[in-house]
Amino acid sequence: EGTVILRFFLHISEKEQKKRFERLEEDKATRWRVTKRDWKRHKQYAEYYRAFDRMLEKSVEAGLPWTIVEAHDRRFAAAKVYRTVVDALERALREREEGAGRKLLPYEYGHIRLLPVPRLEEVDLGASIEKEEYREELDALQHRLFDLQNRLYRKKIPLVLAYEGWDAAGKGGNIRRITKALDPRGYEVVPISA
């Protein structure tokens with residue numbers, strides 16, 4: 001009924017995942033975050049890779065696409081998620097204003113362009129953004145997102161952001177960077193176990 005649903009898949013390589021696990025284990029304060037189960041999954045990276053690729057492909061066929069986020073560079077990942085969220089919310093608000101209250105059926109997405117999702121092997125994991133450009137863009141997008149949150153609230157448009165991705169891909173950090181821009185009374189983070 002007009003809910004905006006955005007899904008993000010944070011993608012990193014097997015080599016990058018191993019590097020992040022090792023970095024977390026080096027620090028006593030973060031060592032607990034890497035479990036034997038995480039390392040077991042890491043050894044099965046190729047199997048998970050194929051499963052994730054099939055899941056992404058089937059989601060597109062079902063009309064529920066993911067935005068794949070190249071997560072090797074933290075700044076690039078945050079900026080891509082911000083841009084995607086801001087663009088989708090602006091489209092949703094425009095459509096709500098132009099549509100004069102038209103209700104969407106559950107399977108209609110109206111304002112969300114259903115873009116093809118690339119295969120994981122096609123994703124450029126070398127994508128990055130310079131620090132200065134990132135700070136400027138982040139500041140502008142955080143302000144825009146805060147304004148959009150208020151407009152969504154006034155127009156009673158619900159929003160759901162769903163994250164999926166590799167262990168240590170940066171999902172939690174990305175969520176923290178997004179919510180930093182929001183009024184804490186207007187969102188809820190719901191972690192779901194594997």
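When a residue number appears, it is its place in the shown sequence, counting from 1.
- Residues that satisfy the salt bridge (charged side-chain N to carboxylate O under 4.0 Å, His left out) test with D38, not counting sequence neighbours, are absent from this structure.
- In this structure E22 satisfies the side-chain hydrogen bond (donor to acceptor under 3.5 Å, both in side chains) test with no other residue, sequence neighbours excluded.
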Can you give each donor-acceptor pair under 3.5 Å made by side-chain atoms of residues 152-163, sequence neighbours left out, with the distance rounded to 0.1 Å?
unit_1, atom_1, unit_2, atom_2, d
Y163, OH, N174, OD1, 2.8

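- Under 3.5 Å, the side chains of Q17 and Y45 contain no donor-acceptor pair of N or O atoms.
- For D183, the side-chain hydrogen bond (donor to acceptor under 3.5 Å, both in side chains) partners are R185, not counting sequence neighbours.
- Here D73 pairs with nothing under the side-chain hydrogen bond (donor to acceptor under 3.5 Å, both in side chains) rule; sequence neighbours left out.
- Qualifying side-chain contact (heavy atoms from CB on, under 4.5 Å) partners for K19, counting only residues two or more places apart in sequence or in other chains: E16, R23.
- Take E70 and apply the salt bridge (charged side-chain N to carboxylate O under 4.0 Å, His left out) test, not counting sequence neighbours, and it matches K80.
- Residues satisfying the salt bridge (charged side-chain N to carboxylate O under 4.0 Å, His left out) criterion with D139, sequence neighbours excluded, are absent altogether.
- Y134 pairs by the side-chain hydrogen bond (donor to acceptor under 3.5 Å, both in side chains) definition with nothing, not counting sequence neighbours.
- For R83, the salt bridge (charged side-chain N to carboxylate O under 4.0 Å, His left out) test picks out E137, with sequence neighbours left out.
- Within the structure, every pair that satisfies the salt bridge (charged side-chain N to carboxylate O under 4.0 Å, His left out) test and touches residues 119-136, not counting sequence neighbours, is listed here: D53-R119, E57-R119.
- W39 belongs to a hydrophobic cluster whose other members, connected by ILVMFWY side-chain contacts under 4.5 Å either directly or through intermediates, are F21, L24, V34.
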